[in-house]
Amino acid sequence: MSKPIDQTCDVLIVGGGPTGVTLAVLLARRGVKVIVAEKEADIYPLPRAAHIDHEGMRILQEAGVAEAVMKTARRANRYDFMNAKGEVLLRFEGAGQIGPGGWPAANMIHQPSVEAELRKALAAQPTAELHNRWELTGFRDDGSGVTAAIATPDGERTIRARYLVGADGARSPVREAAGIAFEDLNFEEPWLVVDVLVDDYSKLPTENLQICDPARPTTCVLMGEGRHRWEFMIKPGETAELVSDDAFIEKLLEPWNVKGAVRLERKAVYTFRARIAKHWRQGRVLLAGDAAHQTPPFAGQGMCSGLRDAANLAWKLAAVVRDGADDALLDSYQPERAPNLRATIDMAIMMGKTVCITNRWSAWLRDLKFKLARKLGKLPDGPPAYPPISAGRIMAGTPGAGSYFPQAIAADGTRLDEVLGLSHALITRADLATPRLSPFARQIGHWLDKHQAEAVLVRPDRFVFGSGQAADLLEAWG
């Protein structure tokens, strides 16, 4: 690392997937100089993530790409968990309803299209650069910054950054080099993922399905425009080569009666895991997305969790490198995100354990429990709410502190964040009479009434710092 510095930046992001590029856009929009190093030559052309929720869409709104993403997104009518007989065990509805984030609650997407829009947004930022075929080979954190060695097509380059963020996936070289271990949450199941191009939608389900059949647990979900996905649990004794054979896949799809309606686009074997890195920050090195945590896909929260990381980290890094905030602000990143992430993983594991039962007697008992719970009215009508932030950059003890502040929508379709901008926002009852906020007065007034507050201070990531009197909030924010 003694070579001359070729380039400097505020933040070097390793990994040009959705988490890394979203973080880069959010930083660049705040005037932070950022470099993204991506080892691959281009966006991975085939879909992986299939779902973004309303909170994720709100983050994409901040990045300037939400409207473009919505043009090709689709929505399922329901999310049903069904047993081998076709009986509904659990049903989640309302996917098309507007969630607190100001966008439809569940949106089925084509990941490469989302990434393409994010890269367009990044290219428009004068303080950002993205370089493909740049691979991190090592780094050194000397306490005042990070010096990174990057292998490029033109030879090795040395980059000096104030902070390094590893958004480089589940096998994260950044995490490995930093010596950060994983906490294993004891869920590991191999599945075959099959993505298809759709020629005839009339033969496909219009709802997302989990088929809880012990003979072969199966997932069937919508994707972005023109595509559909099946996931099949791999049985003991089956190899990746066997289940990936086209003839084997054709047999798996036979019960769905889609021959002639779909064309195979992608097949891949994945091991669905639940793991969390023990440390998301080590000195001037931070982790985000799959580098920091991995969740089974049953709740559709993999990409969403990475986007939440980016939103939480972006304003804090910007505050430190641009506004002179204390570096200790970054210590709040993991304490704020980890409880939400654990709740997400717990929900996904619960769903996965419901689906992945392969013993017929255990499946019969599961079905009986669900039928009894349905009769007693004790089944949830939707995924559980995520816990509010309980420790970190909040004014603890004030009503609503740490909760997610809803994005109101005006009668003309304008969303609140378009008015609030990128910074924190103090909103008082008097503000609701101004032309700027009067279109949102009813919704915000309802929130203030509910929390018996005269004012609320909303953080840049749209979580509530605190509520109460305006002067007290401003003094506490600093």
Exercise for review: On the 0 to 90° scale, with breaks at 30° and 60°, tag the Trp134-His131 ring pair as parallel, tilted or perpendicular.
Suggested key: parallel
Point to revise | Axial cation check for Trp103 ring with Arg415, 6.0 Å and 45° limits | key: yes
Review point. Any salt bridge between Glu225 and Lys71, counting N to O under 4.0 Å?
Key: no
Exercise for review: Check whether the side chains of Gln61 and Gln407 place a donor and an acceptor atom closer than 3.5 Å, and report yes or no.
Suggested key: yes
Check your understanding: In terms of heavy-atom contacts, does NZ of Lys203 have more than 12 from other residues, nucleotides or ligands at under 6.0 Å?
Key -> yes
**Study point:** Six-ring centre of Phe405, Arg462 cation under 6.0 angstrom, axis tolerance 45°
**Key:** no
Practice item. Measure from NZ or CZ of Arg58 to the centre of the six-membered ring of Tyr404 and say whether it is under 6.0 Å with the direction within 45° of the ring axis. Key: yes
Exercise for review: Output yes when Asp367 and Lys85 qualify as a salt bridge under the 4.0 Å nitrogen-oxygen rule, no when they do not.
Suggested key: no
Review point. Does the side chain of Lys316 pick up a donor-acceptor pair with the side chain of Ser332 at under 3.5 Å?
Key: yes
Point to revise | Greater than 12 external heavy atoms within 6.0 Å of His451's NE2 | key: yes
Practice item. Check the side chains of Asn312 and Glu336 for a donor-acceptor pair under 3.5 angstrom, ignoring hydrogens and angles. Key: yes
Check your understanding: So, for Ala167 and Thr19, which heavy atoms are closest and what is the spacing to 0.1 Å?
Key -> CB-CG2, 4.3 Å
Revision key, fill the gap. Smallest heavy-atom separation, Leu286 atom then Tyr163 atom, equals CD1-CD2, 4.2 Å
Check your understanding: When you check the gap from the basic side-chain N to the acidic O, do Arg263 and Asp199 get nearer than 4.0 Å?
Key -> yes
Check your understanding: What do the steps show when you test Trp191 against Tyr270 for ring-ring contact (aromatic ring centres under 6.0 Å, His included), and what is the final call?
Key -> CA-CA 5 Å; Trp191 282 63; Tyr270 285 101; over 10 Å; no
Exercise for review: If the plane angle is over 60° it's perpendicular, under 30° parallel, otherwise tilted; pick one for Trp280 and His293.
Suggested key: tilted
Practice item. For the pair Glu40 and Arg133, find out whether any cationic side-chain nitrogen is under 4.0 Å from an anionic carboxylate oxygen. Key: no
Exercise for review: Would you please classify the geometry between the His228 ring and the Trp230 ring as parallel, tilted or perpendicular, with 30° and 60° separating the classes?
Suggested key: tilted
Check your understanding: Mind checking whether Val21 and Ile13 have side chains closer than 4.5 Å, heavy atoms only?
Key -> no
Point to revise | Non-hydrogen side-chain atoms of Val194 and Leu192 separated by less than 4.5 Å | key: yes
Exercise for review: Test Lys39 against Glu135 for salt bridge (Lys or Arg N to Asp or Glu O under 4.0 Å), laying out the working first.
Suggested key: CA-CA 5 Å; Lys39 69 176 182 178; Glu135 184 171 2; 5.0 Å; no
Review point. Run the side chain to side chain donor-acceptor pair (under 3.5 Å) check on Tyr44 and Gln111 step by step: do they pass?
Key: CA-CA 9 Å; Tyr44 183 70; Gln111 181 175 335; over 6 Å; no
Exercise for review: Evaluate the salt bridge (Lys or Arg N to Asp or Glu O under 4.0 Å) criterion for residues Glu188 and Arg275: first the C-alpha distance (whole Å), next the side-chain angles of each, then the deciding distance (0.1 Å), finally the verdict.
Suggested key: CA-CA 10 Å; Glu188 189 168 320; Arg275 303 191 297 181; over 6 Å; no
Check your understanding: Side chains of Arg75 and Gln97: do they bring a donor and an acceptor to under 3.5 Å?
Key -> no
Point to revise | Under 3.5 Å side-chain donor-acceptor pair for Gln301 and Asp53 | key: yes
Check your understanding: Are any of the side-chain heavy atoms of Met82 and Leu89 separated by less than 4.5 Å?
Key -> no
Check your understanding: Hey, are the side chains of Pro217 and Phe232 touching, using non-hydrogen atoms and a 4.5 Å cut-off?
Key -> no
Check your understanding: Between the side chains of Gln294 and Arg273, does any donor sit under 3.5 Å from an acceptor?
Key -> no
Review point. Hey, does the side chain of Asn257 reach the backbone of Glu254 with a donor-acceptor pair shorter than 3.5 angstrom?
Key: no
Point to revise | Arg216, CZ atom: more than 12 neighbouring heavy atoms under 6.0 Å | key: yes
Point to revise | Heavy-atom closest pair, residues Arg175 and Ala277 | key: CD-CB, 4.4 Å
Point to revise | Lys/Arg N to Asp/Glu carboxylate O, Lys120 vs Glu115, below 4.0 Å | key: no
